[in-house]
Trainee: 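One structure, as structure tokens, below. Some questions next.
One-based numbering along the sequence shown. All figures in this text were calculated on a predicted structure; none of them were measured in a lab. Both backbone and side-chain heavy atoms feed into the values below; hydrogens, waters and symmetry mates do not.
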Amino acid sequence: MTSSSPNLPGRLGDPTLTLATDPRLDPRLRAVLEEYGLSGWGEMAADSGDPSLEDILDGIAEAEAMSDALYAGIFASLPPVAGVSRRTEATGGVDGNEVRLYIHEPEGRTGVLPAILHTHGGGMVLMSARDPQYVRWRDELAASGLCVIGVEFRNAAGKLGNHPFPAGLNDCASATQWAYRNRDALGIGNLVISGESGGGNLCLATALKANREGWIEQIAGVYSCCPYISGTYDPPPPELVSAVENDLMGVAKLTQQWATAYDPGGANASNPLAWPYHATPDDLVGLPPHTVSVNELDNLRDEGLIYARKLMAAGVPTISRTVNGTHHGGDTEYWGALPHVCRATVRDIQGFAASLV
């Protein structure tokens with residue numbers, strides 16, 4: 001890995017590659033990157049030296065503001081999802097806070113439906129369940145025949161911060177237990193926790209927390225997309241080859257900074273409730289079925305695949321899938337460019353939830 005070769009993928013073969021020039025990338029995603037100038041996203045952190053926590057929090061706020069404007073424009077151009085009703089509920093959190101819940105379900109639904117408790121992305125440090133990309137995701141899942149409950153958990157930074165670990169995890173656990181307690185009123189059967197990126201961390205960590213605390217029977221399954229779970233990115237551990245192969249956007253320093261915001265001081269660097277990658281076999285035994293879905297061109301790809309292998313070794317029924325030609329979140333957010341790819345992941349989540357007994 002110290003020298004490049006044209007026979008190796010990504011930056012292993014050509015250190016000059018950018019995400020936009022990677023030949024593995026779906027051309028329709030390349031067009032999106034070029035249109036919105038996303039191929040260099042993350043470069044703001046590349047030359048930032050050794051910032052203070054205050055600098056990191058300021059940088060996250062800036063990134064969130066940029067993301068809000070970008071997603072508002074992208075999703076405003078999409079037609080609405082038909083046949084979905086929405087309402088809002090709330091429950092009390094264990095820290096004396098309120099946890100808001102966004103419920104999406106098919107209009108005129110009858111009978112019991114599988115449920116998804118959705119933990120949104122954003123590295124546990126930014127973005128909101130109210131953001132258009134997550135409203136759209138819940139709508140699409142609901143239109144497939146699911147009752148979807150979006151969790152407005154506290155972030156470690158940004159507009160819902162600053163609440164470092166374990167605040168967001170506590171809120172996800174509270175929301176899960178609320179959904180289970182209210183399953184008859186909600187008309188739901190199997191309860192699956194699912195999220196992407198930072199939400200992929202939180203859905204895995206919620207299951208680990210439930211297993212540790214003795215209420216794992218409330219969770220029928222876990223479906224984690226592109227999970228952000230190692231907590232070590234600059235430099236990454238040697239087994240995470242994709243962190244080098246796919247570090248095509250200069251995100252290593254950025255993801256490390258977000259990890260610092262989530263756990264200032266690093267006291268939980270090896271705590272699997274903060275970073276599930278570090279779970280031991282004892283943490284994993286007894287968990288319900290899992291699906292871990294990753295993106296081929298994601299720097300986080302291999303931490304998700306390795307976690308799936310750990311689950312399998314611990315006897316947890318596990319499905320592992322890789323969405324080729326896509327970068328981080330390429331199959332959950334890019335409805336305009338890759339609707340068929342996004343719908344394939346929706347179908348897989350729906351089928352997973354419906355299959356559980």
Side-chain angles (χ1 to χ4, degrees), residues 53-54 56-58 60-61 63-65 67-68 86-104 115-135 137-138 147-183 185-186 188 191 193-216 218-219 222 228 231 258-265 267-268 271-276:
L53 178 59
E54 182 179 1
I56 290 172
L57 296 176
D58 288 345
I60 290 171
E64 185 176 55
S67 295
D68 286 350
R86 306 172 186 166
R87 69 182 192 276
T88 303
E89 299 277 358
T91 187
V94 296
D95 299 319
N97 59 305
E98 180 182 85
V99 183
R100 191 167 295 275
L101 306 165
Y102 299 97
I103 301 175
H104 300 225
I116 299 294
L117 187 108
H118 180 246
T119 54
H120 68 79
M124 303 89 73
V125 300
L126 77 167
M127 301 187 189
S128 162
R130 300 188 303 274
D131 292 347
Q133 65 270 34
Y134 304 123
V135 174
W137 187 242
R138 295 192 301 269
C147 177
V148 188
I149 305 163
V151 186
E152 192 70 284
F153 54 83
R154 290 167 292 170
N155 283 331
K159 59 196 175 193
L160 297 181
N162 299 329
H163 305 285
F165 173 84
L169 175 60
N170 286 346
D171 293 348
C172 293
S174 294
T176 303
Q177 293 176 300
W178 176 88
Y180 184 79
R181 288 195 309 270
N182 291 278
R183 60 193 183 280
L186 291 166
I188 62 174
L191 178 61
I193 312 178
S194 179
E196 60 288 323
S197 191
N201 174 312
L202 289 168
C203 67
L204 296 173
T206 300
L208 292 172
K209 180 178 173 67
N211 207 26
R212 183 175 292 185
E213 295 177 355
W215 49 277
I216 191 61
Q218 298 182 22
I219 301 170
V222 179
Y228 170 56
W258 290 9
T260 297
Y262 188 54
D263 179 31
N268 295 285
N271 180 352
L273 297 187
W275 302 105

Trainee: Would you name the heavy atoms of Ser128 and Leu160 that are closest together and state the gap between them?
Mentor: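 What the structure gives for the nearest pair is CB-CD1, 3.9 Å.
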Trainee: Return the set of residues passing side-chain hydrogen bond (donor to acceptor under 3.5 Å, both in side chains) with Ser197 (not counting sequence neighbours), or none when no residue passes.
Mentor: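 For Ser197 the side-chain hydrogen bond (donor to acceptor under 3.5 Å, both in side chains) partners, ignoring immediate neighbours, are His328.
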Trainee: From Asn182 CG over to Gln177 CD, what is the distance, rounded to the nearest 0.5 angstrom?
Mentor: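 Answer for the CG-CD pair, Asn182 versus Gln177, is 12.0 Å.
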Trainee: Return the minimal non-hydrogen interatomic distance between Leu273 and Ala205, and the atom names on each side.
Mentor: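 Looks like O-CB, 3.3 Å.
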Trainee: Under the salt bridge (charged side-chain N to carboxylate O under 4.0 Å, His left out) rule, collect the residues that match up with Arg130, sequence neighbours excluded.
Mentor: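 So Arg130 forms a salt bridge (charged side-chain N to carboxylate O under 4.0 Å, His left out) with Glu152.
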Trainee: With sequence neighbours excluded, what pairs up with Thr91 under the side-chain hydrogen bond (donor to acceptor under 3.5 Å, both in side chains) test?
Mentor: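 None.
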Trainee: Flag the pair Ile116 / Arg138 as yes when at least one side-chain heavy-atom distance between them is below 4.5 Å, and no otherwise.
Mentor: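 With C-beta onward as the side chain, the pair stays apart.
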Trainee: Taking only residues two or more places apart in sequence, or in another chain, which ones meet Tyr180 in a ring pair (Phe, Tyr, Trp, His ring centres under 6.0 Å)?
Mentor: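 Ring pair (Phe, Tyr, Trp, His ring centres under 6.0 Å) list for Tyr180, sorted by chain: empty.
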Trainee: Within the side chain of Asp263, is there an N or O that forms a donor-acceptor pair under 3.5 Å with the backbone of Asn268?
Mentor: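 Such a contact is found between Asp263 side chain and Asn268 backbone.
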Trainee: Heavy atoms only: give me the nearest Leu117-Ala179 pair and the separation to one decimal.
Mentor: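 Shortest heavy-atom separation between Leu117 and Ala179 comes out as CD1-CB, 4.3 Å.
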Trainee: Do Arg212 and Pro272 come close enough that some side-chain heavy atom pair is under 4.5 Å?
Mentor: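 Touching, per the 4.5 Å side-chain cut-off.
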Trainee: Could you tell me which non-hydrogen atom of Pro264 sits nearest to which non-hydrogen atom of Leu53, and how far apart they are?
Mentor: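 Closest heavy-atom pair between Pro264 and Leu53: CB-CD2, 4.0 Å.
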Trainee: Roughly how far, to the nearest 0.5 Å, is CG of Leu202 from SG of Cys172?
Mentor: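 These two atoms lie 4.5 Å from each other.
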Trainee: Considering only heavy atoms from C-beta outward, does the side chain of Glu89 approach that of Arg100 to under 4.5 Å?
Mentor: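 Counting from C-beta outward, Glu89 and Arg100 never come under 4.5 Å.
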Trainee: If you take all heavy atoms of Ala173 and Thr206, which pair is closest and at what distance?
Mentor: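 Closest pair (atom of Ala173, atom of Thr206, distance): CA-CG2, 4.1 Å.
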Trainee: Evaluate the side chain to side chain contact (heavy atoms under 4.5 Å, CB included) criterion for residues Thr176 and Trp215: first the C-alpha distance (whole Å), next the side-chain angles of each, then the deciding distance (0.1 Å), finally the verdict.
Mentor: CA-CA 10 Å; Thr176 303; Trp215 49 277; 3.8 Å; yes
Trainee: Do Met124 and Tyr228 come close enough that some side-chain heavy atom pair is under 4.5 Å?
Mentor: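 Side-chain contact under 4.5 Å: yes.
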Trainee: Could you tell me whether the side chain of Asn155 and the main chain of Gly161 form a donor-acceptor pair under 3.5 Å?
Mentor: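 Not confirmed, Asn155 side chain does not pair with Gly161 backbone.
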Trainee: Indicate yes or no: at least one non-hydrogen side-chain atom of Leu191 is less than 4.5 angstrom from one of Arg183.
Mentor: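 With C-beta onward as the side chain, the pair stays apart.
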Trainee: Test: salt bridge (Lys or Arg N to Asp or Glu O under 4.0 Å). Region: residues 158-173. Which pairs qualify, not counting sequence neighbours?
Mentor: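 Pairs touching residues 158-173 that pass the test: Asp68-Lys159, Asp131-Lys159, Arg154-Asp171.
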Trainee: So do the side chains of Leu186 and Ile149 get within less than 4.5 Å of each other, counting heavy atoms only?
Mentor: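 The answer is yes; the side chains approach within 4.5 Å.
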Trainee: Please report the interatomic distance CD(Gln133) to CE(Met127), rounded to the nearest 0.5 Å.
Mentor: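 Gln133 atom CD to Met127 atom CE measures 5.5 Å (nearest 0.5 Å).
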Trainee: Is the count of non-hydrogen atoms from other residues, nucleotides or ligands lying under 6.0 Å from Glu54 atom CD greater than 12?
Mentor: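 Open: at most 12 neighbouring heavy atoms sit under 6.0 Å from CD of Glu54.
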Trainee: Nearest 0.5 Å, please: how far is OG1 in Thr260 from CG in Leu57?
Mentor: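 It is 10.0 Å, given to the nearest 0.5 Å.
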Trainee: Measuring from Phe153:CZ to Asn170:CG, what's the distance to the nearest 0.5 Å?
Mentor: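 Reported value, rounded in 0.5 Å steps: 12.5 Å.
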Trainee: Which residues pass the ring pair (Phe, Tyr, Trp, His ring centres under 6.0 Å) test with Tyr262, not counting sequence neighbours?
Mentor: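 Expected list: Phe165, Trp275.
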Trainee: Are any of the side-chain heavy atoms of Glu196 and Tyr134 separated by less than 4.5 Å?
Mentor: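 Result yes, sub-4.5 Å side-chain heavy-atom pair found.
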